[in-house]
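Input: a single structure, listed below in structure tokens.
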Amino acid sequence: MDTGRLPLFCFFVALIVAFVATRINVRLIRAKIGWFRNVSIGEMHIHHVVFGVVLMLVGGVSGLVAAGSAVAAAVFGVGAALVLDEFALILHLHDVYWEEEGRASVDAVFVAIAVTGLLLIGLRPLTWEFDGVAPGWLLLGNLVLAMVTLLKGKIWTGLVGLFVPPLLVVGAIRLARPASPWAHWFFAVKSPRKMATALRREQRWRTPVIKFKIAVQEFVSGRHDLPSTRKRRGHN
């Protein structure tokens, strides 16, 4: 409370609790256990992102009226959890909740939790100081390094690097991931040797990490094991 981070803490806790509660609820609905059912009006299924948008509006406007309100922050956190839990639906404009593409929703929630956690412990993005270098040049340099790192497909390195800038230097220097925009633009065709190296690194280091991440996601949120209707529609 002395640091003025109580609203942020309430948002953080509400985000996590609401996400976990939502995932428990949808898994029970999917398993058809007890009275847990989808919310529908006639034949129209009401996705929980709708309730999330309403709660975010209520929490956001309340926060503007009562600046620093912990209750408003908590309401906003619940709404954010509901919206981010269906981030993949918004991204694809198609219900891919239990399909492979639905994992993007879990990624979005994990990113939100990580960034909020870093803010909660006192870190601030793009505030690195270095003796003899003007703050404006440092800010520009950090933004450029972050852009390069993200374009190289290193999403987590780029996001965390906004708070810990040395990570951006590492991410910007290292070889891009093979499926990244950077690889596509600069060495997918022009440098087969670099692409082969990137593929080997992806297979050796990245693939086990992805498998572990998916295992954690499925433990928390359930299995995204339905066939991809989005890919099937694209094929047809």
Side-chain angles (χ1 to χ4, degrees), residues 8 10-30 36 38-40 44-61 63 73-120 125 146-147 149-151 153-163 177 179-181 209-234:
L8 185 62
C10 291
F11 170 84
F12 181 71
V13 172
L15 176 68
I16 295 174
V17 172
F19 170 66
V20 172
T22 300
R23 281 289 166 165
I24 291 174
N25 183 63
V26 296
R27 292 175 75 172
L28 290 173
I29 291 173
R30 191 184 191 194
F36 294 93
N38 289 319
V39 177
S40 301
M44 181 173 64
H45 168 52
I46 307 298
H47 290 272
H48 51 266
V49 65
V50 176
F51 302 102
V53 170
V54 173
L55 288 173
M56 286 182 71
L57 284 171
V58 171
V61 173
V75 173
F76 192 86
V78 174
L82 295 174
V83 170
L84 291 176
D85 189 56
E86 293 205 299
F87 172 78
L89 182 150
I90 301 171
L91 180 65
H92 298 291
L93 293 179
H94 185 60
D95 190 359
V96 293
Y97 197 85
W98 292 116
E99 300 171 16
E100 180 182 347
E101 292 88 350
R103 293 195 183 107
S105 298
V106 188
D107 287 335
V109 174
F110 283 3
V111 167
I113 292 172
V115 171
T116 307
L118 292 171
L119 291 170
L120 195 57
M147 176 115 13
T149 302
L150 292 171
L151 288 174
K154 305 173 188 297
I155 306 301
W156 280 101
T157 303
L159 291 173
V160 178
L162 293 174
F163 297 85
R177 295 185 61 195
S180 67
V209 172
I210 294 296
K211 289 181 178 179
F212 176 75
K213 185 194 77 168
I214 291 175
V216 172
Q217 284 182 337
E218 291 184 345
F219 174 77
V220 173
S221 60
R223 297 188 64 184
H224 296 80
D225 53 1
L226 293 182
S228 177
T229 54
R230 181 172 173 270
K231 290 180 179 179
R232 189 162 61 246
R233 289 192 313 164

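None of these values were measured; they are calculated from a predicted model.
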>> Do Phe163 and Val115 have side chains that approach each other closer than 4.5 Å (heavy atoms only, starting at C-beta)?
In response: yes
>> With a 4.5 Å cut-off on side-chain heavy atoms, are Phe12 and Leu8 touching?
In response: no
>> With side chain to side chain contact (heavy atoms under 4.5 Å, CB included) as the criterion, how do Met56 and Leu82 come out once you've worked through the C-alpha distance, each side chain's angles and the decisive distance to 0.1 Å?
In response: CA-CA 9 Å; Met56 286 182 71; Leu82 295 174; over 6 Å; no
> For Arg30, which residues count as a side chain to side chain donor-acceptor pair (under 3.5 Å) partner, sequence neighbours excluded?
Replying inline: Asp225
Name all residues meeting the side-chain contact (heavy atoms from CB on, under 4.5 Å) criterion together with [X]; count only those two or more places apart in sequence or in a different chain, and write none if there are none.
X	answer
Leu91	Phe87
Ala88	His92, Val96, Ala104, Ser105
Leu150	Ile155

So which heavy atom on [X] is nearest to which on [Y], and how close?
X	Y	answer
Ala112	Leu84	CB-CD1, 3.6 Å
Glu86	Val49	OE1-N, 3.0 Å
Glu218	His224	OE2-N, 4.4 Å
Ala146	Leu162	CB-CD2, 3.7 Å
Pro125	Leu119	CD-CD2, 4.0 Å

Mind checking the [atom1]-[atom2] spacing from [X] to [Y]? Nearest 0.5 Å is all I need.
X	Y	atom1	atom2	value
Arg223	Glu100	CZ	CD	12.5 Å
His45	Asp95	NE2	CG	6.5 Å
Asp107	Arg103	CG	CZ	9.0 Å

> Who pairs with Phe110 by ring pair (Phe, Tyr, Trp, His ring centres under 6.0 Å), at least two apart in sequence or on another chain?
Replying inline: none
Could you pull out all donor-acceptor pairs under 3.5 Å where a side-chain atom in residues 15-27 meets a protein atom, sequence neighbours excluded?
residue : atom : partner : partner atom : Å
Thr22   : OG1  : Ala18   : O            : 2.6
Arg23   : NE   : Asp85   : OD1          : 2.7
Arg23   : NE   : Tyr97   : OH           : 3.2
Arg23   : NH1  : Ser221  : O            : 3.2
Arg23   : NH2  : Asp85   : OD1          : 3.0
Arg27   : NH1  : Phe219  : O            : 3.2
Arg27   : NH1  : Val220  : O            : 3.4

